[in-house]
Amino acid sequence: MSDRCKKVYITTPIYYVNDVPHIGHAYTTIIADTLARYSRLKGYETFFLTGTDEHGQKIQEAAQKRGKSPQEYADEISAKFKALWDEFEISYDRFIKTTEEDHKIGVQKAFEVMYQNGDIYKDHYEGYYCVSCETFFTQTNLIEGGFCPDCGKETTLVKEESYFFRLSKYQDKLLKWYEDDENCILPKGKKNEVINFVKQGLNDLSITRTSFDWGIKLPKSMNDPKHVMYVWLDALMNYITALGYGKDEKLMEFWHNTTHLVGKDILRFHAIYWPAFLMSLGLDMPKHIAAHGWWTRNGEKMSKSKGNVVDPKEVADAYGLESFRYFMLREVPFGQDGDFSQKALIDRINSDLGNDLGNLLNRIIGMSGKYSDHYIDSKDVQQFHAKELNSAWEILKNIEQYIYSMQLNRYLEELWKVLTIANQAIAVYEPWNMVKEGKDKEAMALVALVANLLAKVSILLHPVMPKTTQKIASSLGFKIDTKSYIKLYKENSLLEPFTIQKTPALFPKIEKELLEVKSPQEPKKEEQKSDGLITIDQFFQTKLKIGTIIEAKEVKKSDRLLQLKVDLGEDEPRQIIAGIKEYYKPSDLIDTQVCVVSNLKPAKIMGMLSEGMLLAAKDEDGLSLVRPEFKKRSGTPIK
Ligand code: MSP
């Protein structure tokens, strides 16, 4: 977000519809929502976009597997994203679906413009493709054995006629943009990675496919019906088609002040391909492309295929949506990865929210009740507490820089410093003793000081915790809106006299973990019996499932390993690298069933991702896989 212009455009990535939403998706969306709310609070006209990415080979294959049409499948999952964002009261202005007609028209128009500008040509593509990442690779990019360097999954060799975008032509222009616009990519460390990547040289980019058809067709003027657009070209264009590009361009005025929120895994597409497309279209560059890190469990990126996802709705239902928002933004520095744990969440709720914030309001209610019948007047605050007011202002006056640089954790840390000033003032001045000594005026000024500090914090905390801060504001007799933002923050004025309203405790203490899905942890020491026996709960921490082997091949250069694809009844089969080559021929394994440890932390074996382990028994006669006596549905739990 930039302060330069009063129209602000904020976007999330559009989410693939092959996966239901998890906290990784919620994180991007909550950051963007916070920025949008902040921008509106400042009085800026704001357009906030989110949506779903519905085309491409990955979606087509996922739909096929479920026996659905791609559109039917996309609509179903897209609706889940929308329902979750609605339940989370995400303040988007448009939810775009890339299968919508106006998006298609805009993408086709953009293709035509880039073609007319001489940036698109027809040739043949030969290289490797990772369907899971929807990304092209050259052989030298791949991990040994033909695996995707980004996700570790198998790639396929693609040879087809393709249209190419002259990405190489934009290498120097991109480097100049990175150099000229200091904050175009945030955080700075990520920007340097992008610059180094571009400096190594850019190849032209294949932007159409012919081997499947679930995508946007080329414009009629190209007269080439067998091609569909590469899904990333189609997807990136959503940022302008949502503003009416190629149709009714009234909203395009928002384009001049754009902030794209993305995860670090998709920064390359946003920081290289997208600006190059925009240059070709003759459109402005985005103001910021901000890349956040991943939420992990046990250090692994969360994803459905790994079975390690945390459901954001479950967390919000158990702990409260606003506490969850605060936790996500406060816990992890922007750009870095963060491991999700209920313990960390509970600590934040009890300490930051319960003690520092909620309890402060209770104390103000309690003290003002005793000293002044709940009436609070700021008239003597400046006289008795200029020092505290100044210290708070020193912090607050510089705080917006943290929003503009996306350092929301720092922003919240700074706000909490103001709460500390307020809490400490109560401890230092001991207003209850002042009253005993007959210094009622001083005691009431202290209460008014603290109420004012809390009011200023609430205004600035509003974009992160909209409902909580509304409650605090109505207790403190003011409304949260642009007028109050200007008065209490920008002009650093004090509250008008008011009578405080009582409210129930905002953040009751949480005594224990509230979710069934425990943070992945080692069993606690006291549970480990000295006799080597384990409890039933410990046994069930290992999730065993029936799997069906659907592919098996030898791992080259290894005399021990086989590379298997095992169906566990999930969206995608798991890849398991098993040390059974001496005992089984790959062809004998196809369609047989095995017992799989399904919640083992994925590991790389000879550069290949292994997402589980097979149970086997080995003695002096050799090794035998453990199998069910009768055929069972893939994914059946073993108990
Ligand atoms: N469809 C593309 C984006 C196209 S934008 C023109 C895509 N979709 S995605 O659903 O796979 O990911 C969407 C966003 O969710 C990305 O920003 C990604 O980084 C984020 N996350 C997915 N898993 C994540 C975590 N475990 N943690 C944090 N964010 C992660 O990519």
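When reading the values below, keep in mind they use all heavy atoms of this one structure, side chains included, and skip hydrogens, waters and symmetry mates. Nothing fancy with the numbering, it's 1 onward along the sequence. Counting convention: from 1, in listed order, for ligands and their atoms alike.
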Exercise. Relative to each other, are the rings of Trp232 and Phe269 parallel, tilted or perpendicular (30° and 60° limits)?
Worked result: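 Taking Phe269 first and then Trp232, their aromatic rings lie parallel (interplane angle under 30°).
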
For [atom], which protein heavy atom lies nearest, and how many Å away is it?
atom: atom 25 (C) of ligand 1; result: Gly24 CA, 3.6 Å
atom: atom 20 (C) of ligand 1; result: Thr28 OG1, 4.0 Å
atom: atom 16 (C) of ligand 1; result: Ile266 CD1, 3.7 Å
atom: atom 13 (C) of ligand 1; result: Tyr15 CD2, 3.4 Å
atom: atom 17 (O) of ligand 1; result: Gly263 N, 2.8 Å

Do any heavy atoms of [X] fall under 4.0 Å from ligand 1?
X: Trp274; result: no
X: His22; result: yes
X: Phe269; result: no

Problem set entry | Heavy-atom donor-acceptor pair, Lys191 side chain to Tyr178 backbone, under 3.5 Å |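 Checked: pair present.
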
Exercise. Between the main-chain N or O of Gly51 and the side-chain N or O of Arg94, is there a donor-acceptor pair closer than 3.5 Å?
Worked result: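 The answer is no, because no donor-acceptor pair under 3.5 Å joins these two groups.
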
Exercise. Within 45 degrees of the axis of the six-membered ring of Tyr16 and under 6.0 Å from its centre: does Lys58 put its NZ or CZ there?
Worked result: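 Because its charged atom sits under 6.0 Å from the ring centre and within 45° of the axis, Lys58 does stack over Tyr16.
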
Exercise. Under the 6.0 Å and 45° cation-pi test, does Arg209 pair with Tyr129?
Worked result: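 Because its charged atom sits under 6.0 Å from the ring centre and within 45° of the axis, Arg209 does stack over Tyr129.
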
Report yes if the distance between the aromatic ring centroids of [X] and [Y] is under 6.0 Å, otherwise no.
X: Phe164; Y: Tyr121; value: yes
X: His22; Y: Tyr15; value: no
X: Tyr125; Y: Phe136; value: yes
X: Phe165; Y: Tyr170; value: yes

For this session: For Glu76, check side-chain hydrogen bond (donor to acceptor under 3.5 Å, both in side chains) against everything at least two apart and list the hits.
Result: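 By the side-chain hydrogen bond (donor to acceptor under 3.5 Å, both in side chains) rule, Glu76 matches Lys68.
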
Problem set entry | side-chain hydrogen bond (donor to acceptor under 3.5 Å, both in side chains) against Thr208, all qualifying residues, sequence neighbours excluded |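 Result, side-chain hydrogen bond (donor to acceptor under 3.5 Å, both in side chains) vs Thr208: His227.
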
Problem set entry | Asp317 versus Glu87, closest heavy-atom pair with distance |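 Where Asp317 meets Glu87 most closely, the heavy atoms are OD1-OE2, 4.1 Å.
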
Using a 4.0 Å cut-off to any heavy atom of [X], which atoms of ligand 1 qualify?
X: His292; result: 28 (C), 29 (N)
X: Met302; result: 26 (N)
X: Ala235; result: 6 (C)
X: His25; result: 10 (O), 15 (O)
X: Asp53; result: 1 (N), 2 (C), 4 (C)
X: Gly293; result: 28 (C)

What I want to know is whether [X] and ligand 1 share at least one N or O pair that is separated by under 3.5 angstrom.
X: Ile14; answer: yes
X: Val262; answer: no
X: Tyr239; answer: no
X: His270; answer: no
X: Trp295; answer: yes

Problem set entry | Selection from Phe81, Trp294, Tyr16, Tyr27 by shortest heavy-atom distance to atom 7 (C) of ligand 1 |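 Among Phe81, Trp294, Tyr16, Tyr27, the closest heavy atom to atom 7 (C) of ligand 1 belongs to Tyr16.
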
Problem set entry | Location of contacts on Asp265 toward ligand 1, heavy atoms closer than 4.0 Å |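 For Asp265, only side-chain atoms sit under 4.0 Å from ligand 1.
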
For this session: Decide, yes or no, whether a salt bridge links Lys173 with Asp180 under the criterion of side-chain N to carboxylate O below 4.0 Å.
Result: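 Result for this pair is no, no salt bridge flagged.
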
